[in-house]
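As structure tokens, the structure follows; a few thoughts come after it.
Proteins come first, then strands; the chains are lettered A, B, ... in the order of their sequence lines, and each starts at number 1.
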Amino acid sequence: MSDPFLSLKNIRKSFGPTTVVRDFNLDVGQGEFVSFLGPSGCGKTTVLRMIAGFEEPSAGQILVGGQDVTRLRPNQRNIGMVFQAYALFPNLTVAQNIAFGLRVAGVPKAEQDKRVAEMLNLIKLPQLGDRYPYQLSGGQQQRVALARALAPSPKLLLLDEPLSALDAKVRVSLREEIRAIQQRLGITTIFVTHDQEEALSISDRIAVMHQGVAEQVASPFEIYNRPSTRFVANFVGTLNVLEGVLSNEQHGIVQVAGSEIALSDKVATRKAGDRVSLALRPETVSLGEFPGQGSKLNGKIAEVSFLGSVIRVKVAVGDDIVSLDTFNKPHMPPPRVGEPAVITFNAGDVLVLQD
Amino acid sequence: MKKFWAWLALFAGLLYFALPLIGMTEFSLKMRRGEYSFDAYAKVLADPRFQETFTYSVGMAIVTILFGVFLIVPTAYWVRLKLPRLRPFIEFVTLLPLIIPAIVIVFGYIRLYNTSSWLPLTGSATGTNLLLMFGYATLAMPYMYRAVDTGLRTIDVTTLTEAAQSLGAGWFTILSRIILPNVLVAVLSGAFLTFAIVLGEFTMAALLNRPAFGPFMQLLGANRAYEPAALAVIAFGITWGCMALIQIVSRFAPKAQSQPH
């Protein structure tokens, strides 16, 4: 990234003796959509609130468009924010809500009206300007909240779990709409969520957070396929973890449940005899031997769940359980619990977890 | 059978409250011998002292309400926003006027602000009016604070404040355009209660020697027969009018937005 639009430099935030964000560094490019993903209490909302100015960092610096905004008050930052709880002003109509920021900024009335009409068209609710918030559905309210945040043309858009209060169907359609609007306006956006599907589907990059630290910042593809830590691997998607022992560090041979796996990624920092945690996504594992699947492990069928088009099978490999899905084939009966089984996979799909 | 006792209890309660009022109203209409008339009311309303004291007290009530709103709304808002841990303490402080008699407060005022003190407010009519207004505001504080605090509880003060801040609003804009309009009904409830309290208050006005409606009612009661009853009915009418206004105004409250699940 040549010139970051938003820079968070060594941000730390403590509440009394508890540090909730530590050494947080992130550069976000102009027009980029970055999601903060993590479980509750990981510090993602705290970082967002520091960018907005609602919390002051205990240490570090926040730069927006090259300007240091660390000590600026929230109303001096020109940063739009959408809240989980919508936060529309109940005493104002939809149009007045959208015009609020413009009115505060002293924009002439005619210009305000023009901008409100533009925003109402943008969120596809041109006929609802005269309604009050209580007359709208949750999805409509959140659209209005988005329009209100965008109306004063902010430098940056912050979205604090804007979809978590909505039902599943609305959530999917609204997230696509948010992404489309963001791309159309080219506005730099930070999106906080604990929903990995949400983050994976709409982000340019994801910062996976854990205990106040960004464990990995990368594209959704990278995060899912090449998680850099055990936490990221476990948090994003489903993962099978196999414990093994490195028997040959030069060739990357690992002993797992009596079988040998030759890793394609060499484990340079480890030495023979070290314990190694290997991870496999369920979709990379097959039940039975297939040509082209280089690695195999022997085990026993531990559990079979019939899910209609898919059969979920859990195979016990040594002390570990490997979960995988196979398509339901009517002419082939599903495996039975207790039967011996062989699982196969490509060595290239094995992830070596860093702690 | 259970319903019978419930109705009986309700009826007994209504009689207990209504009978004295009916008796008083009936007595106020009996000024003219042998027939009902509004003579007592006409006399009271025509009395220049009634007009003077009533006008004075209404004026004082309006000033007290304005002072109360400017003091209580930002305080209750700030406590909810920034000092939530102090809420029990602030609530206790606002309840003190119910425990401390008005006579103690007014003697305290006279002692602190007499003509030989560093701030001789009692030395002028304006100064004394100011003192009386502070006294009224103190007496009305438990009701005003509770009304406003209850109003603030119905809205998400923190998120609305942050939303307004992110749109560039400062504290004055937030209070005047977002918070106050959303708690206006609660403020009006407090205002009408304040109005009723100020109109009927006797101790402070009498000891500070101001021409208020409360001392006038007492003076009339000490010297006349029918007029005090008529005056009491008028005072009740004003109080009930205030209560009715609270009910009417609350119908026009901005509805709270539907909260997410």
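- A/Phe100 contributes atom CZ, which lies 6.5 Å from atom OG1 of B/Thr173 (distance to the nearest 0.5 angstrom).
- Both the backbone and the side chain of B/Thr159 come within contact range of chain A, each with at least one heavy atom under 4.5 Å from a heavy atom of that chain.
- Nearest heavy-atom pair across A/Ala87 and B/Leu160 is O-CD2, 3.7 Å.
- The 12-atom threshold is not exceeded at CZ of A/Arg103, counting heavy atoms of other residues, nucleotides or ligands nearer than 6.0 Å.
- Interface remark: A/Tyr132 contributes no atoms to any contact with chain B (heavy atom separation under 4.5 Å).
- Closest approach of A/Asn91 and B/Pro181 over heavy atoms only: ND2-CB, 3.3 Å.
- Rounding to the nearest 0.5 Å gives a distance of 9.5 Å between CG of A/Leu92 and CZ of B/Arg177.
- What you find for A/Phe54 and B/Glu162 is that their closest heavy atoms are CZ-O, 3.2 Å.
- In this structure, CG on A/Asn75 lies 12.0 Å from OG1 on B/Thr161, to the nearest 0.5 angstrom.
- B/Arg153 CZ: more than 12 foreign heavy atoms inside a 6.0 Å radius.
- When the shell of 6.0 Å around CZ of A/Phe15 is examined, it contains more than 12 heavy atoms from other residues, nucleotides or ligands.
- Taking the side chain as every heavy atom from C-beta outward, B/Gln165 and A/Arg73 never approach each other to under 4.5 Å.
- Between A/Met81 atom CE and B/Leu167 atom CG the span is 11.0 Å, to the nearest 0.5 Å.
- Listed here is the closest heavy atom pair of A/Ala85 and B/Asp156: CB-OD2, 4.4 Å.
- With values rounded to the nearest 0.5 angstrom, B/Ser166 atom OG is found 11.5 Å from A/Leu156 atom CG.
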